[in-house]
Protein chains: 2
Amino acid sequence: MEALADYFKVFSEPNRLAVLDALRGGALNVTAVVERTGLSQALVSKHLKLLTIAGVVRRRPEGSLVFYEVIDKGVFRLILQGDKLLLATRRQQLDALVAIL
Amino acid sequence: MEALADYFKVFSEPNRLAVLDALRGGALNVTAVVERTGLSQALVSKHLKLLTIAGVVRRRPEGSLVFYEVIDKGVFRLILQGDKLLLATRRQQLDALVAIL
DNA sequence: TGCTAACATCATGATGTCGTTATAGCGTTG
DNA sequence: CAACGCTATAACGACATCATGATGTTAGCA
């Protein structure tokens, strides 16, 4: 249960989701991720390290660049499903609110 | 992106997952959740409040008891999918380790 | 060999979260 | 209405996480 919570924690940070989103199309080097996300280089490096340790992302040095890519694209399905569920939840919250008013 | 991260954060806490797990079979009052999880009453109340605000759980007072139940059982599908993905990730990490040794 | 670009790491401060203890609110029952 | 059980909240300390700015490290190239 602890491990699962930690896994969900990986996706519980906006900037981390942004980094993952940047990697949606395939491998990118750090600078490219920085450009796409608008985050600072230090911050991107940190999040990529976390994602690597979590096993979500693979690190591949190539010359002077370091490329990162999502290992299991099922990650994107999980994120999508979370998004769907969130939408359904928001809709139901609105319904409940309307029922009161 | 921020909202989605916050939603995932709901599931990023072991005790919160335990509370949700206790509610897997249907509605329970607070004391029942306390008994099933072994957590303190105050802590259970706190997590239930969070889950309520997040829209994951519905609060239903009945006499002097207060029952809680999961609104959209799709939540359990999300948790299951996270669990599966975590397993796949762990397996792949082991494979990568073996490949090195 | 020295410079530069790309990436990683460190130290720090600010903020957030978790769990506990104690207490308050509230409905029921005697 | 007094006492009790159930639930919620408040206050607090411990700890984790995040973002930043500065610095370290390494590879490639002049």
Side-chain angles (χ1 to χ4, degrees), chain A residues 1-23 26-71, chain B residues 1-23 26-71 79 82:
Chain A
M1 204 114 257
E2 176 99 37
L4 183 54
D6 284 343
Y7 190 63
F8 275 111
K9 195 171 295 186
V10 172
F11 308 104
S12 73
E13 227 285 318
N15 291 335
R16 217 137 53 214
L17 288 183
V19 168
L20 278 178
D21 201 61
L23 295 176
L28 286 182
N29 67 337
V30 177
T31 302
V33 174
V34 168
E35 286 165 356
R36 294 205 185 192
T37 59
L39 303 174
S40 76
Q41 182 265 318
L43 192 53
V44 167
S45 266
K46 253 183 167 182
H47 284 307
L48 283 173
K49 180 172 187 177
L50 254 182
L51 289 168
T52 304
I53 292 175
V56 172
V57 142
R58 173 187 305 129
R59 192 185 116 107
R60 180 163 46 88
E62 191 143 329
S64 74
L65 307 183
V66 178
F67 285 85
Y68 287 87
E69 69 179 324
V70 171
I71 296 175
Chain B
M1 204 112 255
E2 176 98 36
L4 183 54
D6 284 343
Y7 189 63
F8 274 110
K9 194 173 294 185
V10 171
F11 308 104
S12 72
E13 227 284 320
N15 291 334
R16 216 138 54 216
L17 288 182
V19 167
L20 278 177
D21 200 62
L23 294 175
L28 287 181
N29 68 337
V30 177
T31 303
V33 174
V34 168
E35 285 165 355
R36 294 204 184 193
T37 59
L39 303 175
S40 77
Q41 182 265 316
L43 190 54
V44 168
S45 267
K46 257 184 166 181
H47 283 307
L48 284 172
K49 180 172 188 177
L50 254 181
L51 290 168
T52 304
I53 292 176
V56 173
V57 142
R58 172 188 304 128
R59 191 184 116 106
R60 180 164 44 88
E62 192 145 327
S64 73
L65 306 184
V66 178
F67 285 84
Y68 286 88
E69 69 179 323
V70 172
I71 296 175
I79 293 175

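All chains are named by letter (A, B, ...) in the order of the sequence lines, taking the proteins before the strands, and each is independently numbered beginning at 1. Values reported hereafter were calculated over all heavy atoms of this structure, with side chains retained and with hydrogens, waters and symmetry mates removed.
Remark: B:Arg59 CZ to B:Ile71 CD1 distance equals 13.0 Å, nearest 0.5 Å. The CG atom of A:Leu51 sits 8.0 Å away from atom CG of A:Leu23, with the distance rounded to the nearest 0.5 Å.
The distance from atom CG of A:Leu17 to atom P of D:dC18 is 11 Å, rounded to the nearest whole Å. With rounding to whole Å, A:Arg59 atom CZ is found 8 Å from C:dC7 atom C1'. We find that CG of A:Leu48 is positioned 13 Å from C1' of C:dA6, with the value rounded to whole Å. In this structure, CZ of B:Arg60 is placed 16 Å from C1' of D:dC6, rounded to the nearest angstrom. Rounded to an integer number of Å, the gap from CD of A:Glu62 to C1' of C:dC7 is 15 Å.
Looking only at side-chain heavy atoms (C-beta outward), B:Asn29 and B:Val66 stay at 4.5 Å or farther from each other.
OP1 and OP2 of C:dG27 both lie 4.0 Å or more from every side-chain N or O belonging to B:Ser64. Residue B:Tyr68 places at least one side-chain N or O closer than 4.0 Å to OP1 or OP2 of D:dA8. Between C:dA6 and A:Asn29, no contact under 4.0 Å exists linking OP1 or OP2 to a side-chain N or O.
A side-chain donor-acceptor contact under 3.5 Å links A:Arg16 to the backbone of A:Lys9.
Scanning for ring-ring contact (aromatic ring centres under 6.0 Å, His included) contacts around A:Phe11 gives A:Tyr7, B:Phe8, with sequence neighbours left out. Taking the side-chain hydrogen bond (donor to acceptor under 3.5 Å, both in side chains) definition, one finds that B:Asp21 meets it with B:Arg24, sequence neighbours left out.
The side chain of B:Val30 lies closest to D:dT7 when the candidates are C:dT28, C:dA6, D:dT7. Listed candidates were C:dA8, D:dA8, C:dA6. Nearest to the side chain of A:Leu65 is C:dA6.
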>> Protein within reach of the bases, or only the backbone? For nucleotides 18-25 of chain C, mark each nucleotide 5' to 3' as B, S or -, using heavy atoms under 4.0 Å.
In response: SBBBB---

